[in-house]
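To start, the structure under review is shown below, and the notes come after it.
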Amino acid sequence: MGRTRTKTKKSVSAVTNSLQSSSSSAAPAISALLDKAQELIVQCDFPLARKFIDRVLVRSDGSVSEKNQAKEMMGVVLLETGEVDEARELFLSLLPPHPTAPTPPPPSAHLYLAQLSADPYTALKHYQAAIDILQTQLKGKAPLPAQGDENDEGEDEARSNIVRAYVGMVEVWMDPEYDLCFDPAASSTCDSLLANALQIDPHNLEALQCLASVRLSQEKTEEALTALLTFPPSSPDAPPARNQALVAALPLSVRLTRAKLLLECGAYHDALDVLENVLASDDSSVEGWYLMGWGWWLVAERQKEGGEVEGSEGLIWEDIARDSRDCLETCQMLHKSQSDPDTPILEHVQELLGTLDALGITPSPIQDDEEGDGDGWEDASDDEDVEMS
């Protein structure tokens with residue numbers, strides 16, 4: 001998005017001229033075309049990436065491995081451009097019994113097909129097949145994909161994909177849209193799958209957050225919080241700022257999931273710390289403002305009942321509830337302006353605002369930027385929208 005037709009044409013011309021300049025007569029090497037296509041995929045320039053992949057697929061001089069790599073990349077491009085059925089067919093062409101499928105097939109094809117499967121049992125089979133291939137690669141019975149002549153990088157990627165596949169299987173078992181979540185063996189199966197994942201990488205964030213979600217569904221809140229706090233890995237010499245920086249470097253979606261799970265575990269202070277950082281990064285995040293508003297509401301509720309939350313000492317519950325209202329109204333405004341499709345968030349926001357209305361909690365008066373009250377959460381942002389009191 002944002003690219004005009006004129007710019008795209010110039011980009012094609014510039015890249016083509018660059019590739020052709022290396023040789024006045026010879027066509028660019030297949031590897032160069034694949035490298036460029038991969039670079040464009042990373043840049044989310046999928047239409048241009050597709051042009052380079054097409055050039056590889058129509059050539060007759062590429063190796064089988066290069067052709068399969070091109071097919072896999074084309075599948076990714078098709079997914080990103082919304083051509084799901086075409087992507088599925090392309091990934092299936094990389095698996096037996098298709099006559100041109102490589103041996104062994106690429107595990108990524110199984111991983112993509114698992115995510116595209118509407119049937120939970122088919123999805124589970126694809127995830128398990130990917131795990132089997134990757135584990136064979138790690139045992140040295142099949143070659144690991146080359147990663148810039150760094151075999152360690154290939155092993156790390158294989159381990160990461162194994163963990164991702166195990167987590168994917170857990171998510172299938174827990175999905176309320178499938179009957180599997182009502183199976184008596186669902187809980188123990190999820191425990192086993194996550195144990196396998198964490199045996200491969202004990203500090204894998206995706207697996208730990210998935211474990212926390214499972215523990216919450218099992219009403220084991222303390223174990224869920226322990227799983228969340230396992231990341232970042234603690235060190236006696238590590239300053240708190242280091243851990244905060246590691247969390248702040250995570251993708252926005254991962255931080256939002258972490259904050260939501262922390263709120264569900266009752267770790268309000270930790271959750272609000274994460275959310276302040278999220279909104280400092282993106283103050284237009286509907287989910288960020290929703291979780292911040294809900295978090296402040298939970299703090300106010302605990303304070304109203306006579307409890308205390310770290311960082312809210314000395315504050316009265318009405319002021320904290322007002323902070324909650326300000327965040328929820330911001331969320332509601334952004335939800336409308338962005339035409340956000342997440343209806344459950346809007347419904348919960350309206351429910352909470354109704355409760356605050358019944359309690360007589362009105363919005364905060366508009367203040368100048370320099371006015372502040374030092375409420376204990378002052379290090380989040382200087383922006384008036386993020387200021388919590």
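Side chains are part of it too, since the values below use all heavy atoms of this structure and drop only hydrogens, waters and symmetry mates. In this chain, numbering begins with 1 at the start of the sequence shown.
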Exercise. Excluding sequence neighbours, so at least two apart, what forms salt bridge (Lys or Arg N to Asp or Glu O under 4.0 Å) with D342?
Worked result: none

For this session: Find out whether L328 and W296 are in side-chain contact, i.e. whether some heavy atom of one side chain is under 4.5 Å from a heavy atom of the other.
Result: no

Exercise. Which heavy-atom pair separates L95 from A109 by the least distance, and what is that distance?
Worked result: CD2-CB, 3.9 Å

Exercise. Using 4.0 Å as the upper bound for N to carboxylate O, is an ion pair formed by E318 and R322?
Worked result: no

For this session: State the CG-CG distance between L272 and L263, to the nearest 0.5 angstrom.
Result: 6.5 Å

Exercise. Please walk me through it: do L92 and H98 pass side-chain contact (heavy atoms from CB on, under 4.5 Å)?
Worked result: CA-CA 8 Å; L92 285 171; H98 196 279; over 6 Å; no

Exercise. Are any non-hydrogen side-chain atoms of K220 and V214 less than 4.5 angstrom apart?
Worked result: no

For this session: Before giving the answer on salt bridge (charged side-chain N to carboxylate O under 4.0 Å, His left out), spell out for K51 and D54 the whole-Å C-alpha distance, their side-chain angles and the decisive distance to 0.1 Å.
Result: CA-CA 5 Å; K51 292 179 182 293; D54 280 333; over 6 Å; no

For this session: Mark yes or no for whether T226, through its side chain, and E222, through its backbone, hold a donor-acceptor pair below 3.5 Å.
Result: yes

Exercise. Could you walk me through whether I162 and Y166 pass the side-chain contact (heavy atoms from CB on, under 4.5 Å) check?
Worked result: CA-CA 6 Å; I162 291 173; Y166 277 127; 3.5 Å; yes

Exercise. Got a sec, which residues hit salt bridge (Lys or Arg N to Asp or Glu O under 4.0 Å) with D119, two or more places apart in sequence or on another chain?
Worked result: none

Problem set entry | ring pair (Phe, Tyr, Trp, His ring centres under 6.0 Å) partners of Y112, counting only residues at least two apart | F91

For this session: Measure the CG-OH distance between L334 and Y290 for me, rounded to the nearest 0.5 Å.
Result: 15.0 Å

Exercise. Yes or no on side-chain contact (heavy atoms from CB on, under 4.5 Å) for I345 and D340, after CA distance, side-chain angles and deciding distance?
Worked result: CA-CA 9 Å; I345 279 184; D340 193 290; 5.8 Å; no

Problem set entry | Residue pairs fulfilling salt bridge (charged side-chain N to carboxylate O under 4.0 Å, His left out) with at least one residue in residues 249-266, sequence neighbours excluded | K260-E264

Problem set entry | Check: R164 and L111 side chains under 4.5 Å, non-hydrogen atoms | no

Problem set entry | Atom pair CG (N161) and CG (D156), whose distance is rounded to the nearest 0.5 Å | 11.0 Å

Problem set entry | side-chain contact (heavy atoms from CB on, under 4.5 Å) partner of H110, chosen from H126, Q115, K125 | H126

Exercise. Backbone N or O of I361 within a donor-acceptor pair of the R325 side chain at under 3.5 Å?
Worked result: yes

Problem set entry | Partners meeting salt bridge (Lys or Arg N to Asp or Glu O under 4.0 Å) with D175 (sequence neighbours left out) | none

Seminar exercise, completed: Closest heavy-atom pair, V349 versus Q332, reported as atoms and distance to 0.1 Å, is CG1-CB, 4.2 Å

Exercise. Hey, does N277 have a side-chain heavy atom less than 4.5 Å from the side chain of V247?
Worked result: no

Problem set entry | Side-chain touch T330/M292, heavy atoms, less than 4.5 angstrom | no

For this session: May I ask you to decide whether E39 forms a salt bridge with K36, counting only side-chain N to carboxylate O separations under 4.0 Å?
Result: yes

Exercise. Would you call V170 and C190 a side-chain contact if the rule is heavy atoms closer than 4.5 Å?
Worked result: yes

Exercise. Got a sec, which pairs hit salt bridge (charged side-chain N to carboxylate O under 4.0 Å, His left out) with one end in residues 70-83, sequence neighbours left out?
Worked result: R50-E83

Exercise. Checking S324 side chain against I320 main chain: does a donor-acceptor pair fall under 3.5 Å?
Worked result: no

Exercise. Okay, side chain of D270, backbone of L262: is any donor-acceptor separation there less than 3.5 Å?
Worked result: no

Problem set entry | All side-chain contact (heavy atoms from CB on, under 4.5 Å) counterparts of S192, not counting sequence neighbours | N196

Exercise. Are V278 and L291 side-chain neighbours, meaning at least one heavy-atom pair lies under 4.5 Å?
Worked result: no

Problem set entry | Q218, CD: over 12 other non-hydrogen atoms inside 6.0 angstrom | yes

For this session: State whether the number of non-hydrogen atoms from other residues, nucleotides or ligands found under 6.0 Å of K67 atom NZ is greater than 12.
Result: yes

Exercise. Looking only at heavy atoms, what is the nearest atom pair of T100 and S93, with distance?
Worked result: OG1-O, 3.9 Å

Exercise. Between OG of S284 and CH2 of W289, what distance do you get to the nearest 0.5 Å?
Worked result: 10.5 Å

Exercise. Who passes ring pair (Phe, Tyr, Trp, His ring centres under 6.0 Å) against W294, sequence neighbours left out?
Worked result: H348

Exercise. Pairs in or reaching into residues 177-186: which pass side-chain hydrogen bond (donor to acceptor under 3.5 Å, both in side chains), with residues at least two apart or in two chains?
Worked result: none

Exercise. Donor-acceptor pair, E66 side chain versus I30 backbone, under 3.5 Å?
Worked result: no

Exercise. How far apart are the closest heavy atoms of L90 and G75, and which atoms are they?
Worked result: CD2-N, 3.5 Å

Exercise. Under the side-chain contact (heavy atoms from CB on, under 4.5 Å) criterion, do L79 and L116 qualify, and how do the steps go?
Worked result: CA-CA 10 Å; L79 277 181; L116 293 172; 3.6 Å; yes

Exercise. How long is the gap from OG on S31 to CG on D35, to the nearest 0.5 Å?
Worked result: 6.0 Å

Exercise. Would you say Y268 and R302 make side-chain contact, with heavy atoms under 4.5 Å?
Worked result: yes

Exercise. Nearest heavy-atom pair of L180 and P120: which atoms, and what distance?
Worked result: CD1-CB, 3.7 Å

Seminar exercise, completed: Interatomic distance, CD1@I41 vs CZ@F46, rounded to 0.5 Å, equals 7.0 Å

For this session: Not counting sequence neighbours, which residues clear side-chain contact (heavy atoms from CB on, under 4.5 Å) with A212? List them please.
Result: A224, A227, L228, L261

Exercise. Looking at C265 and L225, what are the two nearest heavy atoms and their distance?
Worked result: SG-N, 3.7 Å

Seminar exercise, completed: Residues passing the salt bridge (Lys or Arg N to Asp or Glu O under 4.0 Å) test with R159, sequence neighbours excluded, are none

For this session: Would you mind listing every salt bridge (charged side-chain N to carboxylate O under 4.0 Å, His left out) that reaches into residues 192-201, with sequence neighbours excluded?
Result: none

